[in-house]
Undergrad: 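Here's a structure for you.
Values below: all heavy atoms of this structure, side chains included; hydrogens, waters and symmetry mates excluded.
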Amino acid sequence: MSQLDDLLRDLVVANRILSNEDVVDAYGHISVRHPDNPKHFFMSRSRAPELVERHDLIEFDQAGEPVKDTRQPYLERFIHAAIFEARPDVTAVVHAHAEDTLPFGLIKTPLQPVIHSGSFIGGKVPVWDIRKKFGDTNLLVTNMAQGRDLAKCLGKGNVALMRGHGFASAARSIIEVVRLSVYLPRNARVQLAAMQAGKPIPLSKGEIAARAAGYRPRSPETWRAWEYWANRAGCGDMIGEPGAPGRHDSHEHGQSHSHGHAPKR
Ligand code: MN
């Protein structure tokens with residue numbers, strides 16, 4: 001299989017995982033940057049992630065429009081286009097409405113890492129309020145101007161909350177953005193529970209850095225989570241050989257299975 005085939009397979013698996021772990025339901029989506037054309041990305045047509053199959057995936061251009069495909073895309077595809085545009089280091093993006101994250105979009109107390117598995121949130125999570133710049137809307141990100149404003153709020157971080165709506169998360173690979181999106185609601189749940197009983201102690205900057213330094217994309221520990229989630233989601237037979245799911249940047253494996261194309265980024 002080519003690198004692109006592997007990535008698209010991983011994108012299908014990621015759709016199923018996010019659904020099975022209750023990060024998304026009928027709504028919410030995940031995308032991956034095109035490995036050979038970094039301005040483009042792949043994402044499903046407008047379909048519930050649990051039901052997404054390989055043939056549902058559409059290629060999108062940098063403006064968030066489908067490339068030679070007339071099927072209905074997700075309305076909020078501009079979240080993905082704008083984050084890919086703003087962040088060359090990002091290769092995978094999730095947008096979801098996970099309920100446990102929503103309170104932190106409404107209050108002054110920031111969502112931040114309070115448990116070890118939440119360390120990859122990175123720090124205090126900014127909240128984007130669409131109303132600040134765009135006034136009264138239906139709260140959906142339906143054009144590039146709104147997407148870019150959200151991407152600006154995300155900045156160099158991994159996740160931004162969207163007031164009254166959900167969150168957008170970004171990472172260097174599919175598995176990293178899946179992991180972040182799965183543990184974000186859990187961290188939020190624990191933080192909220194702790195806030196009801198007292199003042200939570202967040203992870204320190206040093207602890208967050210130590211966790212990040214210990215992460216290896218191709219380690220057995222990383223694969224263990226991917227294999228577990230995929231099997232729980234009923235697609236354990238799709239995941240192929242142990243590797244670095246959905247990862248295609250050049251730092252990790254220059255000689256990889258990319259058929260001799262030099263990485264373009
Ligand atoms: Mn949404």
Side-chain angles (χ1 to χ4, degrees), residues 4-5 7-35 37 39-86 90-99 101-102 105 128 130 134 137-151 154 159-171 174 177-178 180-182 184-185 229-230 233-235 238 246:
L4 181 57
D5 285 337
L7 268 181
L8 297 181
R9 174 201 62 198
D10 292 341
L11 184 58
V12 171
V13 173
N15 269 275
R16 312 277 187 86
I17 289 173
L18 289 172
S19 181
N20 188 59
E21 301 298 328
D22 282 334
V23 180
V24 297
D25 48 22
Y27 304 99
H29 17 85
I30 177 168
S31 61
V32 69
R33 195 188 286 276
H34 195 312
N37 182 0
K39 291 196 164 161
H40 287 199
F41 63 96
F42 293 94
M43 187 163 64
S44 174
R45 69 182 173 93
S46 181
R47 196 169 198 208
E50 181 177 349
L51 307 176
V52 167
E53 298 186 50
R54 172 68 184 81
H55 58 74
D56 294 314
L57 302 180
I58 296 177
E59 182 177 341
F60 291 86
D61 66 18
Q62 64 264 45
E65 295 305 339
V67 177
K68 294 184 215 145
D69 203 306
T70 56
R71 293 175 293 174
Q72 175 68 43
Y74 294 126
L75 288 177
E76 295 194 285
R77 56 198 182 275
F78 307 102
I79 294 171
H80 303 259
I83 292 175
F84 286 129
E85 176 184 76
V90 162
T91 69
V93 173
V94 164
H95 166 59
H97 312 136
E99 191 174 326
T101 65
L102 297 179
W128 179 67
I130 192 170
F134 301 97
T137 65
N138 62 2
L139 278 85
L140 304 180
V141 178
T142 54
N143 58 54
M144 279 303 284
Q146 292 170 343
R148 283 175 181 139
D149 197 47
L150 169 61
L154 176 71
V159 55
L161 294 175
M162 302 157 73
R163 192 264 306 162
H165 180 173
F167 70 85
S169 56
I174 288 175
V177 84
V178 165
L180 175 58
S181 304
V182 167
L184 186 72
W229 286 322
C235 46
M238 288 176 62

Undergrad: Taking the side chain as every heavy atom from C-beta outward, state whether Phe42 and Ser31 have any pair of such atoms under 4.5 Å apart.
TA: no
Undergrad: What closest approach, in Å, do Val32 and Phe84 show between heavy atoms, and which atom pair accounts for it?
TA: C-CZ, 3.9 Å
Undergrad: Tell me, do Leu7 and Pro35 make a side-chain contact under 4.5 Å, heavy atoms counted?
TA: yes
Undergrad: Evaluate the side-chain proximity of Leu140 to Phe78: yes if any heavy-atom separation is below 4.5 Å, no if none is.
TA: no
Undergrad: Go through the side-chain N and O atoms of His165 and His97 and say whether any donor and acceptor fall under 3.5 Å apart.
TA: yes
Undergrad: Which residue pairs satisfy the ring-ring contact (aromatic ring centres under 6.0 Å, His included) criterion with at least one member in residues 45-66, sequence neighbours excluded?
TA: Phe41-Phe60
Undergrad: Decide yes or no on side-chain contact (heavy atoms from CB on, under 4.5 Å) for Trp128 and Leu161, but give the supporting numbers first.
TA: CA-CA 6 Å; Trp128 179 67; Leu161 294 175; over 6 Å; no
Undergrad: For residues Phe167 and Val94, determine if any side-chain heavy atom of one lies less than 4.5 Å from a side-chain heavy atom of the other.
TA: yes
Undergrad: Quick one: are Arg54 and Leu8 in side-chain contact, heavy atoms under 4.5 Å?
TA: yes
Undergrad: How far does CD1 of Ile83 sit from CG of Leu150, to the nearest 0.5 angstrom?
TA: 5.0 Å
Undergrad: For the CZ atom of Arg33 and the NE2 atom of His40, what is their distance to the nearest 0.5 Å?
TA: 11.5 Å
Undergrad: Is it true that the side chains of Glu76 and His29 contain a donor and an acceptor less than 3.5 Å apart?
TA: no
Undergrad: Where do Thr142 and Phe134 land on the side-chain contact (heavy atoms from CB on, under 4.5 Å) test, with the steps shown first?
TA: CA-CA 11 Å; Thr142 54; Phe134 301 97; over 6 Å; no
Undergrad: When rounded to the nearest 0.5 angstrom, what distance separates OG1 in Thr91 from NE2 in His34?
TA: 13.5 Å
Undergrad: Main chain of Cys235, side chain of Arg16: is a donor-acceptor contact present, judged purely on distance under 3.5 Å?
TA: no
Undergrad: Between Arg45 and Arg71, is there a donor-acceptor pair closer than 3.5 Å when you use the side chain of the first and the backbone of the second?
TA: no
Undergrad: Looking at Arg47 and Leu51, what are the two nearest heavy atoms and their distance?
TA: NH1-O, 2.8 Å
Undergrad: Taking all atoms of both residues into account, what is the closest heavy-atom pair of Met162 and Ile79, and its distance?
TA: CE-CD1, 3.9 Å
Undergrad: Using the side chain to side chain donor-acceptor pair (under 3.5 Å) rule, collect all pairs that involve residues 17-27, keeping only residues at least two apart or in two chains.
TA: Glu21-Arg232
Undergrad: Quick check: do Asp61 and Lys39 have side-chain heavy atoms less than 4.5 Å from each other?
TA: no
Undergrad: Side-chain contact, heavy-atom cut-off 4.5 Å: Val177 with Val93?
TA: no
Undergrad: Give a yes or no on whether the backbone of Ala145 and the side-chain of Arg148 come within a donor-acceptor separation of less than 3.5 Å.
TA: no
Undergrad: Is any side-chain heavy atom of Arg163 less than 4.5 Å from a side-chain heavy atom of Leu139?
TA: yes
Undergrad: Has Glu99 got more than 12 heavy atoms of other residues, nucleotides or ligands less than 6.0 Å from its CD?
TA: no
Undergrad: Let me confirm one number: the NE2-CG distance from His95 to Leu18, rounded to the nearest 0.5 Å.
TA: 12.5 Å
Undergrad: If you take all heavy atoms of Ala14 and Ile30, which pair is closest and at what distance?
TA: CB-CD1, 3.7 Å
Undergrad: Working to the nearest 0.5 Å, report the span between CZ of Arg77 and CD1 of Ile58.
TA: 9.0 Å
Undergrad: On a heavy-atom basis, which atom in Leu180 and which in Ser169 lie closest, and how many Å separate them?
TA: CD2-CB, 3.7 Å
Undergrad: Does Ala81 offer a backbone N or O that forms a donor-acceptor pair with the side chain of Glu85 under 3.5 Å?
TA: no
Undergrad: Which heavy-atom pair separates Ser181 from Pro185 by the least distance, and what is that distance?
TA: O-CD, 3.0 Å
Undergrad: Consider side chain to side chain contact (heavy atoms under 4.5 Å, CB included). Of Val12, Asp56, Asn15, which one does Pro49 pass it with?
TA: Asn15
